[in-house]
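Proteins get letters first, then strands, A, B, ... in listed order; numbering begins at 1 in each. Values below: every heavy atom of this structure, side chains too, minus hydrogens, waters and symmetry copies.
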2 protein chains.
Amino acid sequence: MARTTLDTAALAHDLRLAVMRFSRRLRNQRVDTSVTLTHLAALSTLKRHGAMSPGELAGHERVQPPSMTRVVVALEGKGLVSRTPHPTDRRQVVIDLTPAAEALLTEEARAREAWLSGQLHALSPEDRATLREAARIMDDLASG
Amino acid sequence: MARTTLDTAALAHDLRLAVMRFSRRLRNQRVDTSVTLTHLAALSTLKRHGAMSPGELAGHERVQPPSMTRVVVALEGKGLVSRTPHPTDRRQVVIDLTPAAEALLTEEARAREAWLSGQLHALSPEDRATLREAARIMDDLASG
DNA sequence: GGAGTATGCTTACCGGTGCTAATCAACGGG
DNA sequence: CCCGTTGATTAGCACCGGTAAGCATACTCC
């Protein structure tokens, strides 16, 4: 077991560095600079799960509600989301995509993370499969 | 090939989200709050590759020189690195770890990314192997 | 050897991201 | 009807990265 523990420690170290550098790169390498990665993530979630309250959205993105509030404010300022009062609970607000956001997401889907897709396409199928698995594992780790 | 392209697009999407959430989690889940992840990464690089100039350090971490300058200033303020003039080129500065930093890194190695290690240890060996591979691939992607 | 260019670090400034604490409105149970 | 809870927001802080510009030093070319 000592071997496993050692390996795990080394893995933790390397994985941490790799993820840091990679996410830095992801953030900077974007072509479309009009919307940030954080904003895009929020829009994607809305697209996938439909209209929801800021709190729910924060839950999905695993950030605190105040952080999501700022994102929503920014997106509303850009005309990408709408805020409508909740039908029964007047404390809540319902955030939904605007047609402009739908168009942006479609456009984004077309250009589909240009840099990253290109990079991934150049990898071997085995490496892609590894990343696919790793994405699942990291998402579980982020959630758990 | 259409299939592969589609898969790649989906992978790019999922991988992006997973990495974002995971790195967010990594940043927050740290126990030792005295040094930030960025600082720790710089110290690790110095430990691994030895004393170097701020520019080289920035290259390793894949950030711009001004960003590294700030990190170095902070680390110097904490007594974790020393700045000595370059022997032949007086424009350059040589950054090196202080004994305090060595001690900190040893301590850090002991506690070794507590949360992450724990999480990783709970995974199956196969999942760990996947992450190990993924770490390599992501590092290559970040560099390339 | 001096002028002009290139390099390396730093300063100044800006924007994005996330957090906690505190505030305010509205809901809902007792 | 009062009070605790919940949801969203505001205020303030810290971290992290980038660009543009300044400045000293090194190098190159005539």
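In terms of the side-chain hydrogen bond (donor to acceptor under 3.5 Å, both in side chains) criterion, B:R70 has no residue partners (sequence neighbours excluded). Taking B:K47 as the reference, B:E102 meet the salt bridge (Lys or Arg N to Asp or Glu O under 4.0 Å) condition, with sequence neighbours excluded. The salt bridge (Lys or Arg N to Asp or Glu O under 4.0 Å) test applied to B:R91 returns B:D89, not counting sequence neighbours. Applying the side-chain contact (heavy atoms from CB on, under 4.5 Å) test to B:A100 and every residue at least two apart in sequence or in another chain returns B:L80, B:T98. Judged as a side-chain contact (heavy atoms from CB on, under 4.5 Å), and not counting sequence neighbours, the contacts of B:T69 are B:V73. Contacts of B:R136 classified as side-chain contact (heavy atoms from CB on, under 4.5 Å), with partners at least two apart in sequence or in another chain: A:D127, B:E133, B:D140. In this view, A:V93 and A:P54, A:R83, A:I95 satisfy the side-chain contact (heavy atoms from CB on, under 4.5 Å) rule, not counting sequence neighbours. Not counting sequence neighbours, B:D96 has no partner by the salt bridge (Lys or Arg N to Asp or Glu O under 4.0 Å) test. Taking the side-chain hydrogen bond (donor to acceptor under 3.5 Å, both in side chains) definition, one finds that B:H49 meets it with nothing, sequence neighbours left out.
Among the protein residues, B:P54 comes within range of the sugar-phosphate backbone only, with heavy atoms under 4.0 Å from sugar or phosphate atoms but none that close to a base. Across all strands shown, B:H86 has no heavy atoms under 4.0 Å from either base or sugar-phosphate atoms.
For the pair B:L37 CG and C:dG18 P, the interatomic distance rounds to 15 Å; values are reported in whole Å. One interatomic measurement links the two molecules: CD of B:E56 to P of C:dG8, which rounds to 9 Å at whole-angstrom precision. What separates CG of B:L57 from C1' of C:dG8 is a distance of 14 Å, to the nearest Å. If you measure from atom CZ of B:R70 to atom P of C:dT11, you get 12 Å, rounded to the nearest angstrom. Going from atom CG of A:L40 over to atom C1' of C:dT17 covers 15 Å, rounded to whole Å.
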Shorter than 3.5 Å, N or O on both sides, protein versus nucleotides 20-24 of chain C: list them out with atom names.
none

Protein and nucleotides 25-30 of chain C: nitrogen or oxygen contacts under 3.5 angstrom:
residue: C:dC27; atom: OP1; partner: A:R90; partner atom: N; Å: 2.8

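Put simply, the side chain of A:R128 gets close to the backbone of A:L120: a donor and an acceptor are under 3.5 Å apart. The backbone N or O of A:L116 sits nowhere less than 3.5 Å from a side-chain atom of B:R16 that would complete a donor-acceptor pair.
The shortest distance between the side-chain N/O atoms of A:R27 and the OP1/OP2 oxygens of C:dT17 is below 4.0 Å. Regarding contacts with the backbone of C:dG16, every side-chain N or O of A:T38 stays at 4.0 angstrom or more from both OP1 and OP2. Within the structure, a side-chain polar atom (N or O) of B:R24 is placed less than 4.0 Å from OP1 or OP2 of C:dG18. Taking only side-chain nitrogens and oxygens, A:T36 never comes nearer than 4.0 Å to OP1 or OP2 of C:dG15.
With a heavy-atom cut-off of 4.0 Å to chain A, the contacted part of DNA chain D has its first and last nucleotide at D:dT6 to D:dG18.
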